[in-house]
Amino acid sequence: MKNYDSEDTKEFYQFLDNLIRPREVINKKIPEIIEAFVDYYGEEMREKITDKFNNAIILFHIMPTQIKKCCQKASDGFKMHIYQKISNLLGLEFRLDPLFIDKLDNVYLSYLEKDNKQMIQDIIDLYDMQEYDISEIKEKISQINPLLNDIDDFENHVQKYIEIMSIPIDQINESYDDNILDDLAGILDIERKTYKIYFYLALIKQKDTFPKPIKDSLNKVKTLMDKYDSIYSSDFHYQLNLLEQKDLKIIEKIFGDLSGENDGLIESFSSIATQLLKDENTAKWIKKQIMQNRQEYLKTLNINIDEIDLQTLKNILPKEEDVDNLLDLKDTALLLAVKEIYNSMELHVKNLRDLKAQFPVYDEDYYALDGLNSTYLGWQITSVFKADDGLKEKGLIMIYQGKSIKHLDGTIIHELNHWLETTVYPYKEEDEIFNGYCGFDEMIGHIYKGEEEKPKLKHKEISYEKFNEIINEKITQEIVQKMHNNGIYIFNFPNYSNIKGSSDYEFYNFLIDEFYHEFKDIIIKSRQTGGVEKLKQEIDGESIEQLNEIINQCSDNIDALIDSDVTDYNQLANLLTEYKNISNLLFQQIKNKQTSKHKVKKLNNFN
Amino acid sequence: MDINSIKITIKNMYQFTNIQIDALNKKVNINGKNKDITLEKIEQLLGIIYLWKNEYIDNSKIDGESFKIEVMDNETVTTFKGKNKFPKNYNAFKKWVGEL
Ligand SMILES: [Zn+2]
């Protein structure tokens with residue numbers, strides 16, 4: 001039965017329990033995770049590891065669709081497990097052929113419908129025989145029923161999790177009746193509707209400043225809104241949709257797709273657009289696009305430039321500051337919408353409460369924007385925040401598991417290791433920017449003070465991001481392996497804790513394998529004490545730069561190929577061999593230089 | 001059309017998307033797969049990105065997603081790139097990519 005994710009249902013129930021309250025589970029496992037890291041890095045690192053992990057906050061959210069998928073898989077597996085038992089009981093050899101499974105399904109269906117007569121018939125059909133002893137079959141049914149009852153229990157249990165994960169947005173849901181938060185599309189749909197309302201409300205407030213056709217359209221929206229007690233009612237949205245299709249086309253053209261996706265023509269009058277027009281370095285196509293949109297704006301409002309004088313035209317054209325204001329309103333509307341949605345979701349309310357407790361400067365807006373990006377993109381990030389006491393920075397790890405959940409442990413350890421390898425250089429209270437490193441990558445950011453204007457950051461020209469990630473994933477897999485060897489699985493379910501294959505990074509192991517093994521101690525140490533600059537001091541700097549260059553070049557050329565739908569395997573193989581050879585040569589060069597460096601050192605010592 | 005070609009890359013931990021648009025011949029190559037593309041579709045993209053800043057970068061975040069768009073005309077290459085920080089209508093861009 002090793003094939004099934006539901007090998008032991010109790011274990012699986014536990015796993016599902018864990019998945020729906022991931023933060024609690026992770027926090028509880030932190031002491032064991034610390035042990036795994038100490039086991040890997042050595043006792044001397046215990047203090048640092050403990051301190052770091054106690055100063056990290058991990059937001060872990062699994063998309064409901066992922067939970068559904070794994071429930072589905074598990075319930076299919078569990079069903080087969082029971083069907084197998086039923087076959088044994090009936091003295092039949094269990095086969096995975098569809099016809100046989102179909103017949104077993106029929107038995108289960110009759111059981112669900114409490115149709116005993118039909119069930120007898122289905123079992124006879126399963127035996128595929130003419131003569132039978134009815135009392136014997138009735139006896140068998142009494143033994144089969146409790147087994148089928150197990151499937152029932154299991155499916156109810158699974159259903160419970162699906163429902164918990166699909167928690168509809170309390171207040172909003174009542175009216176947005178058929179929208180449940182079962183997937184990203186659901187969240188986005190509600191978000192868009194809410195956003196639309198906020199934006200209409202903002203526009204209506206300003207309606208008198210717009211030209212007549214726009215004002216008229218906005219008045220229609222207002223009249224409709226006034227008819228409803230709740231702007232969340234589905235009937236209101238239905239009517240609004242009708243109105244939009246009929247009378248509000250102009251609003252969409254001028255202000256953009258109110259679902260928040262497209263720019264409106266009016267944006268071509270913003271100060272940004274005007275600056276672009278004035279700048280002689282702006283590409284022609286951009287200037288043309290701006291001019292086109294401006295003309296289109298006038299056309300949409302039925303204004304013929306030839307028929308009016310310059311002064312009238314000037315009065316008609318939207319003023320730069322009004323447009324800039326409008327764009328701000330659009331942003332505010334989006335934030336309001338996201339916040340409203342988050343505030344009605346227990347998960348986000350709790351996240352924000354905990355975040356605020358750790359970082360009092362971290363506000364709702366920031367969370368909404370961060371969460372918005374992560375939810376849209378379904379990715380994970382590690383970032384650094386200055387704690388309120390001004391003494392120490394804290395790590396914020398946000399994981400929105402929107403894709404596969406087959407590598408739960410690796411995902412968490414990968415981010416935790418980034419955080420462990422993050423060093424922020426000391427800064428003063430009045431500083432606005434912090435600098436530091438995360439492993440071999442640079443780390444630079446604004447010290448979050450909640451203010452609007454932020455100074456521009458100067459980034460390093462050469463990126464060590466890929467190099468950093470490949471090594472980080474390598475270390476991650478080694479730590480996870482150690483954890484698993486000790487029987488520790490964060491979510492207590494090995495089937496969803498695969499070590500290999502969680503990201504594209506490990507594909508490039510071949511470039512650094514030998515280098516990594518030869519200089520592992522130096523590599524690991526420098527990632528904690530000075531980053532890539534330290535590595536360059538310890539191992540020939542020029543060669544490290546070359547290695548990084550090769551990694552960047554190779555990934556630029558190969559990333560596209562490995563995710564390609566129509567990979568040319570010959571081309572891929574040739575490229576791989578080519579880069580493998582270059583990295584081998586480089587490795588030899590590094591080794592030779594390192595040996596002679598040692599010889600010089602020894603000589604120096606001797607002298 | 002004033003554009004000759006457009007190159008797009010989007011990277012995150014799980015996926016790499018590489019798109020090359022040949023505007024002159026109305027062809028697009030998405031991760032190695034060739035397709036036709038309409039001028040309208042290309043113009044739609046330009047309409048999404050024309051007011052973007054050249055750079056959106058947040059280097060206080062590790063992992064996440066990055067993107068790069070290069071628009072080539074006869075004279076210049078206009079580059080828009082970002083990492084863990086995105087233009088307001090980034091989602092419109094992702095939707096555009098998804099519908100290619
Ligand atoms: Zn990473």
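Since the structure is predicted, the reported quantities are computational estimates derived from the model, not experimental observations. Order of the sequence lines fixes the chain letters, A, B, ..., with proteins taken first and strands second; residue numbering starts at 1 for each chain. These numbers come from the heavy atoms of this one structure, side chains and all, not from hydrogens, waters or symmetry mates.
Note that the NZ atom of B/K11 and the CG atom of A/D556 stand 5.0 Å from one another [nearest 0.5 Å]. Summarising the geometry, atom OG1 belonging to B/T76 is positioned 9.0 Å from atom CH2 belonging to A/W285; distances are rounded to the nearest 0.5 Å. A/I286 contributes atom CD1, which lies 7.5 Å from atom CD1 of B/I49 (distance to the nearest 0.5 angstrom).
Of the listed residues (A/K287, A/K288, A/Q289), the one with the most heavy-atom contacts under 4.5 Å to chain B is A/Q289. The most heavy-atom pairs under 4.5 Å with chain A, out of B/E75, B/Q44, B/K53, come from B/E75.
In this structure, the portion of A/L276 lying under 4.5 Å from any heavy atom of chain B is its side chain and not its backbone. In this structure, no portion of A/N472 lies under 4.5 Å from any heavy atom of chain B. Heavy atoms closer than 4.5 Å to chain A are found in the side chain of B/I3, but not in its backbone. Contact annotation for A/S268: both backbone and side-chain heavy atoms come within less than 4.5 Å of a heavy atom of chain B. Both the backbone and the side chain of A/I290 come within less than 4.5 Å of a heavy atom in chain B. Heavy atoms closer than 4.5 Å to chain B are found nowhere in A/Q292, neither backbone nor side chain. Contact of B/Q20 with chain A is not made at all, since no heavy-atom distance falls under 4.5 Å.
Taking a cutoff of 4.0 Å between a charged side-chain nitrogen and a carboxylate oxygen, B/D73 and A/K284 do not qualify as a salt bridge.
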A/M443 vs B/I62, side chain to side chain contact (heavy atoms under 4.5 Å, CB included): CA-CA, chis, key distance, verdict: CA-CA 8 Å; A/M443 189 130 244; B/I62 299 290; 3.6 Å; yes

Pair B/K88, A/L327 - check side chain to side chain contact (heavy atoms under 4.5 Å, CB included), show working. CA-CA 10 Å; B/K88 300 265 151 55; A/L327 293 180; over 6 Å; no

Could you walk me through whether A/E469 and B/D63 pass side chain to side chain contact (heavy atoms under 4.5 Å, CB included), step by step? CA-CA 8 Å; A/E469 289 295 355; B/D63 287 317; 2.7 Å; yes

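When the shell of 6.0 Å around CD1 of A/I272 is examined, it contains 12 or fewer heavy atoms from other residues, nucleotides or ligands. In B/L39, the CG atom is crowded: over 12 heavy atoms of neighbouring residues, nucleotides or ligands sit closer than 6.0 Å. Environment of NZ in B/K41: crowded, with over 12 heavy atoms of neighbouring residues, nucleotides or ligands closer than 6.0 Å.
Of all the heavy atoms in B/K83 and A/D441, the pair that sits closest is NZ-OD2, 4.3 Å.
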